[in-house]
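Here the structure is laid out as structure tokens; the discussion comes afterwards.
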Amino acid sequence: MKRYNPSEIEPKWQQTWEDQKVNEVVVDDTKEKVYVSGMFPYPSGAGMHTGHAFSYAIVDAIARFHRQHGRNVLNPMGWDTFGLPAENYAIKTGTAPAVVTAQNIANFKKQFKRMGVSIDWSREINTSDPEYYRWTQWIFTKLFERGLAYQKESLQWWCPVDKTVLANEQVEGGHCWRCGSIVEKKSMKQWFFRITNYAEQLLEEIPALDWPQKIKTAQTNWIGKSQGAEIEFALDTTTKSGAAPNYLLLHGFTGRADKNFIPWLKERLEAKGYTVQAPQLPNTDSPTEDDQVGYVIDSCTIDENTVIVGHSLGGSVAMKVLEKINRPIAGLVLVAPAVEPAFRTGEPRAFWDTFAFDYDYDKITKLAAYRIILSDTLEAEKRQPYLLYLAEKIDATFRESTANRVHFCADEEPFILANISPSITVFSTRPDTLFGATFIVLAPEHHLAKQLATDDMRDSVQSYIATAVKKSEIERMNDTKEKTGVFTGSYAINPASGEKVPIWIADYVLNGYGTGAIMAVPAHDERDYAFAAKYNLPITEVVSYFTLNEGINAPQEGKEIRERKVVDGIIMNQRGEYLLMSETGNTHFVGGGVEADEDEMTGLKREIAEEVGLTGILSMKPVGSAITAHAYRIPGDYNVIAKGHFYEVVVDADIQVPSEIEEGRHTVEWVKKEDVAGRLTWPGHQFAWQQYLDGTQLYSGEGVLVNSGAFDGMSTSDAREEIVEWLEQEGTGRSKTTYKMRDWLISRQRYWGAPIPIIHCPDHGAVAVPEEQLPVVLPEVADYAPKGDGKSALAGVAEWVNTTCPTCGGPALRETDTMDGYACSSWYLLRYADPRNNEKAWDPETANYWNPVDYYIGADHAVAHLLYVRFWTHVFNEMGLLNFKEPVKKMIYHGYINAEDGTKMSKSKGNVIDPLDIIDQGYGADAMRTYVLFMGPVELDAAWDSRGIAGVYRFLNRVWVLAQEYIESDKSVTKNDDAVRRVMHKTIRKVTEDFHRLSFNTAISALMEYTNELYKLKVDGFSKDVWHDALEVLAQLIAPFAPHLSEELNQELGGEQLIQNMLWPVWDDALIVDETMTIIVQVNGKLRAKLDVAKDTDEDAIKSQALAEENVQAFVGDKKPAKVIYVPGRLVNIVV
RNA sequence: GCGGAUGUGGUGGAAUUGGUAGACACGCUAGCCUUAGGAGCUAGUGCCUCCGGGCGUGAAGGUUCAAGUCCUUUCAUCCGUACCA
């Protein structure tokens, strides 16, 4: 008998597959396509590891399964080759990264082939190949055209060792994801992709994705949508001791409009009580910029409370005026021309930047506030980009509803003149607590932070800001959450209460989120509370959970609560959980685990609720060190009950609260419904109350408004709507949705990446490299190391950097940043569809045939990569390059394979399992692949077990031996044919169904059972045909896991074609059914007997047979069965 | 804190719709066959047991004729996230 020898048969079949090109596919509309891909690997010098083996065992099982169904299966492979390891190696050794990469690819490819993975190698791609990155660059230029790629100065994570900028997700706990060194912040001009424009649609699609929940939640959180409102707090100009506000009206257009407009506007403003200075037009026909600047300044008195109306001021003139007068400007009115709706919603557009890009951001921060006057009538060419730029820089928004509409000319549309008053805009998700906003907090980086400092506060403010900004965010994170801050000396006016509220600066407010400024509501926000407590700021409660009167008495000592003591009418268990609340004045509280939602009142809870006639419910939840409670509030003369989930307690109305609560039920006396008075009328609302252990009360969650003027008595959820509406009418707020997600920073100051295809021209700014000049090929360099000045090694290649402007032909410079590697991997799944196209990145028709990917397999990149791929696909869809929006139908996110000790494999620990070693040890690729899939469900982590693979190898060997025995036997015994056939069909069904739910471990175990069963059946000998089928089916079913063994057996059994060209076997349900069925007999749900009955036995016969069973009789005895339940074909349950 | 996931024999894990809990495999025990191989075969293997049976899916309650599966509460572990207003 031949022995099972993987090292012999595996290379043989790998060669055959390659020779016959069996895995190469073309578009074929007559066939159903299936696109399966693993995340393409970064070919490191270390070679393939178990993670790759696991991933591609899954990929290949799926690919082969579908191929065996006659489907057109695309299973491509490529290499994600840009990145730091190759570059760092190049820096160390001087070897070109491309050279090392080529070696690594060759090595990986060899290894993949030894795994027997059925890849279409004709589609192999490599992201660092100019033929590939040519199209990555092309995509960049398309995004640039659409305003989705832009450049911006910003503080960025900087790795001082790798000397490169890092994206947020490349910073792990304050360390560089590559080298582990501590990162810093550095201000640089960077390229971004405007993924934030797609936040909403990327979010919307998430629920429909057939992806693991884990990834879907991670992406949802990453996008971080929250609904709230922007609210404007006017600055209190009466108390600011710095420069008083100057109102400067600059308008940014020239021509006929000016002559009439300026006097007209002056008149209107004066009528409104403003002091207005409006310079006359200069006498010269074409004044220079300096002329204009001088003229404006000379002809206007710039002092307190003055509005200056200027005219004929271009962008640079406006800035120079600001510069020259060199003092804080409290107000600026901008006259801006027509704009698209995009502008009104604050969405920036790329072309707006181009003209005004060189203005210094710091100058702009001299503005204390701004407003915009818009006209819908001016022609497009008179747009003044600088104004829009300013608006974007300071995050302007326009509020048409409350602006003053003014008519300039009778035949033209109205101008819109907004109110002129300096203000701070905050973002809040709790506008209902507006009346409780007792101070304002700005992030240290907020554009008004420095300016708002009054003279006597200036030093402390500046030193605070300096420390806070310098402090790395890591320190901030580790700073034990102790709040720090500084008062600016300035005040703002709460638009709701009219109160003067101090403006503080603190680093617990992040500049990157919302508006970088918050209204602090210390009564209802933990963080604000902590801050207010530390700096003695006022706390105003505006939400109550008790509307009748004075509120409640708080327990005095938190410690006692924890020790399961009764404190001032509140009974707690040892964990500090609430049981009961009692008297305050006339008001009593009844506690118990009764939920507000009526549907949830079940069992005793419902009884209690009904008996008491509850009309209102207070539910209390723990927050931080607070206590847990559910409570009703029932005023009147009555007894009180509390019910916890662990015991029930009744307390007398006189509040003779026992010092220790006994478990068990006590006397219950309920207050009658008619005795319940008051306004407990918010069914469906949950009210929360937090009790801090230091004795301070803090309310949060849903409740009822108090101290809120006209809104008193309104529920918080209604108030959220109503207050925003009111603010909108007043013109001091608007509803607003914000996202945590930031734009995607793609600039890398590294050599080994796709060069950003941009040319900087002194006259035309940033210009995209035209399509016919692509690719911008990476030049050869002598030294790959970044210069450390924030530029890549490319900056040192003068003949490459110096080029000509595509627009004007004049001298210009190339962009020296390269793209983030994620850019390359954001479209490779499309390139696979059409990998050799020289004309386009892909042919839409071809891509629409193959894509989207049906199965995408990987174990990493839950957020970054998988979000970027989605982003680009949405854009391509919008551009008409694809007819779908979502790139991946089904995502399989598998676990990690750990070392035998259960810890992560790592070179330093020396516990790495090399898949090739396993193959070479004689187990072979088939055993390796089958084992990793047999270890458990794919999404779970598993620990490698060297005895486990031996077990799988034994299984494959048993399959082999069984086939050999059949081949060598005389095949004459047909005795077990029916049984063989039955188990065969059963197994086909089980394996097929398991495949559909991607449960490979159970599919393999079904094959083991099948094999074991056949071993038992063969004891009687083999029959020729049925056994041939049984073994052929075994070979077919095992093929997705152990393809080499499968082909070999199939050939030995006389099969003339390759397994993967044969159609997957089909089961026949009729052949699965046994002659007899086993009926479980239970008495009172406990198993007492099993019946073997013919499969057509009727119900009555089975029931009486069940009752007759000896063991059943023993339990039933003389008792008469109350009920006999029969589940057809399964069980009989006798209830006595 | 918050969000997500997972808790089943000595181990990895099965149980797909509420219907025989522990499939399959590892390990272990005994035996056989062999001269010794990291081999193969057979039987056994959740716990307790007075051998009738009882108990068992992290814990406690509940719904049901019947619960690993559904509901309520709770504990533990792992992963993600981090002052997001």
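In what follows, chains are A, B, ... by sequence order, proteins preceding strands, each numbered from 1.
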Taken to the nearest 0.5 Å, the spacing of A/Trp944 CH2 from A/Thr50 OG1 works out to 7.5 Å
Select base, sugar-phosphate, or nothing to describe what [X] touches, counting heavy atoms under 4.0 Å on all strands.
{"X": "A/Arg1088", "result": "sugar-phosphate"}
{"X": "A/Ser226", "result": "sugar-phosphate"}
{"X": "A/Arg958", "result": "sugar-phosphate"}
{"X": "A/Lys740", "result": "base"}
{"X": "A/Asn957", "result": "nothing"}
{"X": "A/Phe934", "result": "base"}
{"X": "A/Gly951", "result": "sugar-phosphate"}
{"X": "A/Arg947", "result": "sugar-phosphate"}
{"X": "A/Gln1082", "result": "base"}
{"X": "A/Lys1016", "result": "nothing"}
{"X": "A/Asn221", "result": "sugar-phosphate"}
{"X": "A/Phe1115", "result": "sugar-phosphate"}
{"X": "A/Ile1134", "result": "nothing"}

Could you check if a side-chain atom of A/Leu1131 sits within less than 4.5 angstrom of a side-chain atom of A/Tyr1126, using non-hydrogen atoms only? no
With a 4.5 Å heavy-atom cut-off, do A/Ser226 and A/Thr737 have their side chains touching?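 No, side chains not in contact.
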Which listed nucleotide (B/A85, B/A23, B/G19) is nearest to the side chain of A/Ser1005? B/A23
Of the listed nucleotides (B/C83, B/U16, B/G4), which one gets closest to any side-chain atom of A/Thr217? B/G4
Presence of [X] side-chain N/O under 4.0 Å of [N] phosphate oxygens OP1/OP2:
{"X": "A/Asn1001", "N": "B/G12", "answer": "no"}
{"X": "A/Asn1133", "N": "B/U64", "answer": "no"}
{"X": "A/Arg954", "N": "B/G40", "answer": "yes"}
{"X": "A/Lys1090", "N": "B/U20", "answer": "no"}

Across all strands shown, which nucleotide pairs with [N] by Watson-Crick or G-U wobble geometry, both distances under 3.5 Å?
{"N": "B/C65", "result": "B/G19"}
{"N": "B/C50", "result": "none"}
{"N": "B/G31", "result": "B/C41"}
{"N": "B/C2", "result": "B/G80"}
{"N": "B/G56", "result": "none"}
{"N": "B/C26", "result": "B/G10"}

Please state whether the rings of A/His865 and A/His861 are parallel, tilted or perpendicular, taking 30° and 60° as the class boundaries. perpendicular
Does [N] sit syn or anti, given that only angles within 90° of 0 count as syn?
{"N": "B/G56", "value": "anti"}
{"N": "B/G68", "value": "anti"}
{"N": "B/G12", "value": "anti"}

Report the residue (A/Met1008 or A/Ile1125) whose heavy-atom-nearest nucleotide on RNA chain B is the more 5′ of the two.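 First, find each residue's nearest nucleotide; the 5'-ward one identifies A/Met1008.
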Along RNA chain B (nearest heavy atom to each residue), the more 5'-positioned of A/Glu993 and A/Thr1078: A/Glu993
Without decimals, in angstroms, what is the distance between [X] [atom1] and [N] [atom2]?
{"X": "A/Lys1086", "N": "B/G56", "atom1": "NZ", "atom2": "C1'", "answer": "11 Å"}
{"X": "A/Tyr923", "N": "B/C26", "atom1": "OH", "atom2": "P", "answer": "12 Å"}
{"X": "A/Ile949", "N": "B/G12", "atom1": "CD1", "atom2": "P", "answer": "19 Å"}
{"X": "A/Gln213", "N": "B/G80", "atom1": "CD", "atom2": "P", "answer": "18 Å"}
{"X": "A/Phe54", "N": "B/G12", "atom1": "CZ", "atom2": "C1'", "answer": "13 Å"}
{"X": "A/Glu939", "N": "B/U6", "atom1": "CD", "atom2": "P", "answer": "9 Å"}
{"X": "A/Lys214", "N": "B/U81", "atom1": "NZ", "atom2": "P", "answer": "11 Å"}
{"X": "A/Leu1131", "N": "B/G18", "atom1": "CG", "atom2": "P", "answer": "15 Å"}

Distance-only, no hydrogens or angles: does the A/Lys740 side chain make a donor-acceptor pair with backbone N or O of A/Lys225 under 3.5 Å? no
Using the P atoms only, state how far B/U20 lies from B/U16, rounded to an integer number of Å.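 B/U16 and B/U20 have their P atoms separated by 9 Å.
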When you compare B/C33 with B/A39, how far apart are their C1' atoms, in angstrom units rounded to a whole number?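 To the nearest whole Å, 11 Å.
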If you apply the rule salt bridge (Lys or Arg N to Asp or Glu O under 4.0 Å), what do you find for A/Lys1018 with A/Glu965, and how did you get there? CA-CA 9 Å; A/Lys1018 73 148 197 201; A/Glu965 287 183 5; 2.5 Å; yes
For residues A/Gln964 and A/Tyr4, is any side-chain donor paired with an opposing acceptor at under 3.5 Å? no
All heavy atoms of A/Tyr923 vs all of A/Ser946, minimum pair found to be OH-O, 4.4 Å
